[in-house]
Amino acid sequence: MARSNDEVAALLQEYADLISITGGDAFKARVYEKAARSVGGHHADVATLDLKGLQQIPNVGRSIAQKVLEYFDHGSVSAVEELRAKIPAGVRRLTAIPTLGPKKALTVYEELGISSVEELADAIHEERLRDLKGFGPKTEENILHGISLLQSSGGRVHIDLAMGLADDIVAELSAVPGCLRCGYAGSLRRMRETIGDIDILAAATEPAPIMRAFTELPYVTEVIGTGEKKTSVRTSKGLNVDLRVVPPDSWGAALQYFTGSKAHNIRTRELAVHQKLKLSEYGLFDVESGKKIVSETEEEVYARLGLPWIPPTLREDRGEIEDGLHGELPDLVTEADLRGDLHSHTDLTDGLAPLEEMVEAAAARGWTYYAITDHGPDMAMQRMTDERMLAQRERVRELDGTYATRGRRGGLRLLHGVELNIGPDGEVDWPGEFLAGFDLCVASVHSHFTQGREALTRRIVRACENPYVNIIGHPTTRIIGKRPGIDADLDAIFAACARTGTALEINAHPDRLDLRDEDILRAGRHGVKFAVDSDAHAVPHLANMRYGIGTAQRGRLTRDDVINTWPERRLRGFLRKGRQTER
DNA sequence: GCCGTTTTCGGCCCGACTGTTTTCAGTCG
């Protein structure tokens, strides 16, 4: 199921952890971490590369390349096995406990033979940690607290929950007197699909009132740490929030720094070092004189490093630094570029709102076209029939008549579509004669997720080859945190989409975000077009488009790649696909 | 262990906070 790149990345990361735990060279550990990231994000399948090809991957040299080959030849790597033999897997798991890192993990293992979270908890209750150097009563307390958090927390949360909380905190803190600027940074600003914790940044000359207001927010359940510049809290939403308050003239450097990612920051700091500069959250400084050069805006910081401003959604060290240096950053699609939504539901099937309300909401968003795509009859529980679908079409045409001429910019055009079900053999709900009556067809997999890889692949490819299928909806069918994506040959599907003129959906619902960013990058190399769709089942879902756009940006898409940014005429041309009989 | 427009050897991102320390190590982001 996992791509071989992910397997190798996990192995290299494990080796890096084991090196840290055994007190090995810290620089060596870091190289393996960097190599793990590079391999995980590399576009080509590492299983297909030879020694030379592997060494083309950044941070992979001869030694690591040979280990990768050894892994594919023998299924294991002797150097990793040696360390595994020395350090039980449970010791590595100890480092997942907050406040307990590799050094303390090794200490408790060497001194007390502790190699599992349970044993560690027991040892603390039996007061056996007391005599260890560097361990005091507070350390014991922190570890116990960390263990309970580890066992109870589900880890990362979906982006919409984090965004809601962050928007609220930013609004609250912005209202504190003396707060000159406030915003969120971190993985939320980078629009990652899940969020581990929220980073809030504020600018003020006097931090104390902002810190106080922050710790007094109603959903703060615990203050983890608080200082003059930084405060960390836990919230009743299950999310930790960090607040940093910086002097106003450091805003740009601080925002750049706290937006990350860590890997991106390491690269920007290295660029600084090579120019005898030092980059920190307080600014870009000349190393020799210690004088500050720039710090007020992100643009200035990047510019002084020789880079254009890099959109936060690209800051993952996936080539954006190199592209920036060469002036080759993509001109990313934005939410403002969207002209409409091509996948939505009404209460005719499993939506909550009537057609009229959904259309009114779409018009209020200023869109120039909007597609209604309720489920076809193969989703049996939705009780769709030919008659009901044709009746809806008639009503859509009527509404189209009234909305098309409203407003200044030509109003809103309505498209009547359907979300077809891709059956086990790639068949869909209706024959071609009936499908020809729709303005567009989305087709999605909703069942039989565990068919073999070949069958799943063939099934979706066959749907692409249907001349009436325009968009493959939520292509991998994953539900974040609940259901993995189907095990299909995505490259074969992407190639079929490109060949047949079928778009891939980027489903903007925060539970799905399907395709995900890595898959978009792969699909993009096949020359596929995309549709960023809300898949709205209710009026508020239309606002989820921001997450779909964030994901599209992380996949480096431009306006030209996304068919629902196109003018209506060009879109309709695309939707005609290979149909012979159309006007 | 990787890497190179100061380098094939000698560097390798930077700072805040905590707890256990009498000046600093560990952890985190």
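No experiment lies behind these values; they were computed from the predicted model shown. Naming convention: chains lettered A, B, ... in sequence-line order (proteins, then strands); numbering from 1 in each chain.
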Handout entry: Check ion pair A:Glu518-A:Arg318 (N to O, under 4.0 angstrom)
Key = yes
Exercise for the section: Can you tell me the distance, in whole Å, between the CD atom of A:Gln56 and the C1' atom of B:dC2? Expected result: 14 Å
Exercise for the section: Could you measure between the two C1' atoms, the one in B:dG26 and the one in B:dT21, and give it in whole Å? Expected result: 12 Å
Restricting both atoms to N or O, compile the protein contacts to nucleotides 4-9 of chain B shorter than 3.5 Å, with distance only.
residue, atom, partner, partner atom, Å
B:dT6, O4, A:Lys276, NZ, 2.8

Handout entry: Integer-rounded Å distance: B:dT20 C1' and A:Asn142 CG
Key = 12 Å
Fill in the blank from the handout: Picking from B:dG29, B:dG1, B:dA16, the nucleotide nearest the side-chain atoms of A:Arg244 would be B:dA16
Practice task
Measure from the side-chain N and O atoms of A:Arg189 to the backbone N and O of A:Phe258, and report whether any donor-acceptor pair falls under 3.5 Å.
Solution key: no
Exercise for the section: Scan A:Lys34 against the nucleic acid and name what it touches under 4.0 Å (heavy atoms): base, sugar-phosphate only, or nothing. Expected result: nothing
Let me have the donor-acceptor pairs involving side chains of residues 204-214 of chain A, under 3.5 Å, with sequence neighbours excluded, atom names and distances please.
none

Fill in the blank from the handout: In whole angstroms, the gap separating P of B:dC28 from CG of A:Leu243 amounts to 21 Å
Exercise for the section: Output the single nucleotide from B:dT18, B:dA16, B:dG29 whose closest atom is nearest the side chain of A:Tyr282. Expected result: B:dA16
Practice task
Please list residues of residues 251-265 of chain A whose heavy atoms come under 4.0 Å from any atom in DNA chain B, ordered by number; otherwise none.
Solution key: A:Tyr257, A:Lys262
Handout entry: Pairwise C1' distance for B:dC12 and B:dC17, with rounding to whole Å
Key = 25 Å
Handout entry: A:Leu54 CG - B:dC2 C1' separation (whole Å)
Key = 15 Å
Practice task
Check every strand shown and say whether A:Ile97 touches a base, only sugar-phosphate, or nothing at a heavy-atom separation below 4.0 Å.
Solution key: sugar-phosphate
Problem - With A:Asp511 via side-chain hydrogen bond (donor to acceptor under 3.5 Å, both in side chains) - residues at least two apart - result: A:His158
Exercise for the section: Report yes if some heavy atom in the side chain of A:Glu141 is under 4.5 Å from a heavy atom in the side chain of A:Lys138; otherwise report no. Expected result: yes
Problem - Pair partner, B:dC3 [Watson-Crick or wobble, under 3.5 Å] - result: B:dG10
Practice task
Look at the side chain of A:Ser174 and the backbone N and O of A:Cys182, then say whether any donor-acceptor pair between them is shorter than 3.5 Å.
Solution key: no
I'd like a list of close polar pairs between nucleotides 21-25 of chain B and the protein, N/O only, cut-off under 3.5 Å.
none

Exercise for the section: Please state the C1' separation for the pair B:dT8 and B:dG1 - nearest whole angstrom. Expected result: 14 Å
Exercise for the section: Apply side-chain hydrogen bond (donor to acceptor under 3.5 Å, both in side chains) to A:Lys104 and list each qualifying residue two or more places apart in sequence or on a separate chain. Expected result: none
Exercise for the section: Check for a donor-acceptor pair, side chain of A:Ser148 on one end and backbone N or O of A:His145 on the other, with a separation under 3.5 Å. Expected result: yes
Problem - A:Ile87, A:Leu120, A:Ile21 screened by side chain to side chain contact (heavy atoms under 4.5 Å, CB included) with A:Tyr109, the one that passes - result: A:Ile87
Practice task
Could you tell me whether the side chains of A:Asp514 and A:Thr476 share a donor-acceptor contact shorter than 3.5 Å?
Solution key: yes
Exercise for the section: May I ask you to evaluate whether A:Lys230 reaches the phosphate of B:dA16, defined as a side-chain N or O under 4.0 Å from OP1 or OP2? Expected result: no
Practice task
Can you tell me, in whole Å, how much space there is between the C1' of B:dT7 and that of B:dC2?
Solution key: 14 Å
Practice task
Remember a base hit wins even if backbone is also touched, and classify A:Thr226 as base, sugar-phosphate or nothing at under 4.0 Å, heavy atoms.
Solution key: sugar-phosphate
Exercise for the section: Sticking with atom P, work out how far B:dG15 lies from B:dG10, rounded to a whole angstrom. Expected result: 26 Å
Practice task
Could you grab the distance from atom CD of A:Glu335 to atom CG of A:Leu338, nearest 0.5 Å is fine?
Solution key: 6.5 Å
Practice task
Choose from B:dG15, B:dC17, B:dT27 the nucleotide whose nearest atom is closest to any side-chain atom of A:Lys278.
Solution key: B:dG15
Problem - Backbone of A:Leu239 reached by a side-chain donor or acceptor of A:Asp197 within 3.5 Å - result: no
Problem - Side chain A:Arg554, main chain A:Arg190, donor-acceptor under 3.5 Å - result: yes
Problem - Candidates B:dT27, B:dT20, B:dC2 - which lies nearest the side chain of A:Ser63 - result: B:dC2
Practice task
Quote, to the nearest angstrom, the C1' distance that separates B:dG11 from B:dT18.
Solution key: 30 Å
Exercise for the section: Could you tell me whether the phosphate oxygens of B:dT20, OP1 or OP2, come under 4.0 Å of any side-chain nitrogen or oxygen in A:Thr139? Expected result: yes
Practice task
Assign A:Arg267 to base, sugar-phosphate, or nothing according to its heavy-atom contacts below 4.0 angstrom with the strands shown.
Solution key: nothing
